[in-house]
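Single-structure report; data block below.
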Amino acid sequence: MPFPQKQVAWLLANRERISRYIFIPQLLAAAIFLSFAYGTGKVHARLLFRSARTQGTIVNFKPALISHRSSSGTSSYSTIYEPLIEFTVNDRVFRVQEWKGSESRVGLGWSVPVIYDPVDPSVAMLDRGPSNWLPWAPCFAIGLVVGLASLKGLFVLIFAPPSSPVFTRA
């Protein structure tokens, strides 16, 4: 038999066993997506769900060196500029560094919308509209859907006997 036909035949012959344990790689994938979403979005989610908004001013840019690795293994570097934003809350001036930078210093002195935590205004970010939800929210949504599917598979494995119609061939 040619290469894929053996594997397809094995998969078809063992689909009951595979469907019984498919929740394990699903659970691992969900854990990876949810971990990434938590790591990249915990501060941003808190700001988006319980935040206050104000106007700030871009007062400076902080250069950051970014490395790029090519497929051949060589590294190249480029500089991005992360804006330093100053805003006032309750007659106190706060200065925060935005984590998303750009390749130019355009915008010095511009008035920009800022989202900040009313309890701790030093935790703030530039309000970028729908981009505030990237990259963490899509990863959270994917992880949640895959995680729920894996939990369903786990419950089926635990509560359905192997001879039940769930595991029999159609």
Side-chain angles (χ1 to χ4, degrees), residues 18-19 21-158:
I18 292 168
S19 67
Y21 297 105
I22 195 70
F23 75 91
I24 295 171
Q26 288 175 333
L27 191 60
L28 292 173
I32 291 169
F33 276 104
L34 292 174
S35 296
F36 178 78
Y38 178 77
T40 59
K42 62 184 172 189
V43 173
H44 298 121
R46 185 181 72 178
L47 282 174
L48 291 170
F49 292 126
R50 58 172 194 173
S51 64
R53 298 178 190 283
T54 188
Q55 286 297 114
T57 304
I58 298 176
V59 294
N60 204 351
F61 290 92
K62 183 176 180 183
L65 200 59
I66 304 295
S67 67
H68 307 279
R69 187 170 301 251
S70 70
S71 60
S72 65
T74 59
S75 294
S76 64
Y77 297 93
S78 63
T79 302
I80 63 166
Y81 299 96
E82 298 170 341
L84 295 171
I85 303 165
E86 200 170 85
F87 62 97
T88 305
V89 175
N90 298 331
D91 297 327
R92 288 185 57 205
V93 175
F94 293 92
R95 183 179 279 198
V96 295
Q97 180 178 337
E98 173 63 22
W99 68 281
K100 289 183 181 175
S102 67
E103 294 180 355
S104 70
R105 294 176 172 237
V106 174
L108 188 62
W110 287 2
S111 178
V112 292
V114 175
I115 302 173
Y116 68 93
D117 185 349
V119 176
D120 182 12
S122 65
V123 178
M125 69 180 196
L126 184 64
D127 185 2
R128 297 180 185 267
S131 294
N132 291 336
W133 299 90
L134 296 175
W136 62 273
C139 289
F140 175 77
I142 292 167
L144 183 64
V145 170
V146 173
L148 291 173
S150 69
L151 288 177
K152 178 188 177 247
L154 176 63
F155 289 140
V156 167
L157 177 71
I158 292 171

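Not measured: the values here are computed from a predicted model.
For CZ of Phe23, the number of neighbouring non-hydrogen atoms (other residues, nucleotides, ligands) closer than 6.0 Å is greater than 12.
Here the straight-line distance linking atom CD1 of Ile22 with atom CG of Leu157 works out to 12.5 Å at 0.5 Å rounding. Here the CD1-CD distance, from Ile85 to Gln97, works out to 9.5 Å after rounding to the nearest 0.5 Å. Remark: Leu126 CG to Asn132 CG distance equals 8.0 Å, nearest 0.5 Å.
Residues satisfying the side chain to side chain contact (heavy atoms under 4.5 Å, CB included) test with Ala64, not counting sequence neighbours, are Ile80, Glu82. With sequence neighbours excluded, the residues forming a side chain to side chain contact (heavy atoms under 4.5 Å, CB included) with Leu47 are Val43, Ile115, Asp117, Val123, Met125, listed by chain and number.
The shortest non-hydrogen separation linking Ala30 to Gly143 is CB-O, 3.5 Å. Nearest heavy atom pair, residue Pro121 against residue Phe87, reads O-CZ, 3.2 Å. Of all non-hydrogen atoms in Leu27 and Ser150, the two that sit nearest each other are CD1-OG, 3.4 Å. In terms of heavy-atom proximity, Ile58 sits nearest to Pro83 at CG2-CB, 4.0 Å. For the pair Ala124 and Val114, the tightest heavy-atom approach, listed with the atom from each and the gap, is CB-CG1, 4.0 Å. Nearest heavy-atom pair across Thr57 and Gly109 is CG2-O, 3.7 Å.
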Margin query: Determine whether Tyr116 and Phe94 satisfy the following criterion, side-chain contact (heavy atoms from CB on, under 4.5 Å), listing intermediate values before the conclusion.
Written below: CA-CA 10 Å; Tyr116 68 93; Phe94 293 92; over 6 Å; no
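Screening residues 100-111 for side chain to side chain donor-acceptor pair (under 3.5 Å), with sequence neighbours left out, gives Gln55-Ser111. Identified under the salt bridge (Lys or Arg N to Asp or Glu O under 4.0 Å) test for residues 120-135, with sequence neighbours left out: Arg53-Asp127, Glu98-Arg128. Applying the side chain to side chain donor-acceptor pair (under 3.5 Å) test to pairs two or more places apart or on separate chains, those with a residue in residues 31-48 are His44-Trp99.
In this structure the side chain of Phe33 never reaches within 4.5 angstrom of the side chain of Val146, judged on heavy atoms.
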Review item, side-chain donor-acceptor pairs of residues 71-79, under 3.5 Å, at least two apart:
from	atom 1	to	atom 2	distance (Å)
Ser72	OG	Ser70	OG	2.9
Thr74	OG1	Ser70	OG	2.8
Ser78	OG	His68	NE2	2.8

